[in-house]
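First the structure, in the form of structure tokens, and then the observations on it.
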Amino acid sequence: MSLPSSRSHRSGWRAAAACAGMPPQVVFARRPADAEPALRACARCPVARECEETVDPAHTWFDGVSAGRLWHNGRPVDPSRRNRAHGGGGDSGGGHGDPADPLRRAA
């Protein structure tokens, strides 16, 4: 019997993520209103902890949703801003090149 490699174990959580299959513009949204579907998915996600550990938003200047929080430049967005129609400007993209880049580096 062989154990899974640490790399495949670390990336295997993505298939179980509640946001799997959501469009990147939702997962990597910058505005709270655009991120709401991903934030709702996080509330029932069985791998939120693995998500935050792998994405490591505070150290990667991450923009988007990870582990139930919306992040801008690696800082969690104040939850009270989620209910506002416009959460602070910027486009709804990742803001740092390819929006999937933080996850690819972490895999």
Side-chain angles (χ1 to χ4, degrees):
M1 175 202 289
S2 65
L3 297 173
S5 73
S6 63
R7 180 185 168 124
S8 65
H9 178 70
R10 282 190 313 226
S11 63
W13 64 268
R14 288 189 215 156
C19 66
M22 284 189 171
Q25 63 267 27
V26 172
V27 177
F28 299 102
R30 292 182 54 113
R31 289 195 217 128
D34 296 337
E36 275 304 318
L39 291 165
R40 283 192 307 268
C42 284
R44 67 179 198 285
C45 188
V47 293
R49 182 172 162 198
E50 290 90 339
C51 177
E52 186 168 23
E53 288 173 357
T54 303
V55 174
D56 194 13
H59 293 100
T60 60
W61 290 49
F62 180 75
D63 284 346
V65 176
S66 176
R69 289 186 279 180
L70 179 60
W71 299 82
H72 284 183
N73 296 323
R75 293 179 183 220
V77 173
D78 181 353
S80 66
R81 292 181 64 192
R82 286 188 195 167
N83 294 328
R84 295 182 187 169
H86 188 313
D91 61 11
S92 62
H96 297 293
D98 181 355
D101 190 46
L103 292 178
R104 286 190 190 143
R105 285 194 310 258

Contact summary for Val26 and Pro37, nearest pair of heavy atoms: CG1-CB, 3.8 Å
Heavy-atom nearest pair, Ala58 first then Trp71, reads N-CZ3, 4.2 Å
Note: Ala41 and Cys19 closest approach over all heavy atoms is CB-N, 4.2 Å
dist Leu70:CG -> Phe28:CZ (nearest 0.5 Å) comes out at 12.0 Å
Counterpart residues, side-chain contact (heavy atoms from CB on, under 4.5 Å), relative to Cys42 (two or more places apart): Val65
At what distance, to the nearest 0.5 angstrom, does CG of Asn73 lie from CZ of Arg30? 6.0 Å
Would you name the heavy atoms of Cys45 and Ala18 that are closest together and state the gap between them? SG-N, 3.4 Å
Nearest non-hydrogen partners of Ala29 and Asp34, listed with the distance: CB-CB, 3.7 Å
Under a 3.5 Å distance rule, please check whether Ser66 uses its side chain to pair with a backbone N or O of Asp56 as donor and acceptor. no
What pairs with Arg75 under side-chain contact (heavy atoms from CB on, under 4.5 Å), at least two apart in sequence or on another chain? none
Do Cys51 and Val47 have side chains that approach each other closer than 4.5 Å (heavy atoms only, starting at C-beta)? no
Could you tell me which non-hydrogen atom of Thr54 sits nearest to which non-hydrogen atom of Trp13, and how far apart they are? OG1-NE1, 3.3 Å
Between Pro57 and the options Arg69, Glu52, His72, the side-chain contact (heavy atoms from CB on, under 4.5 Å) test singles out Glu52
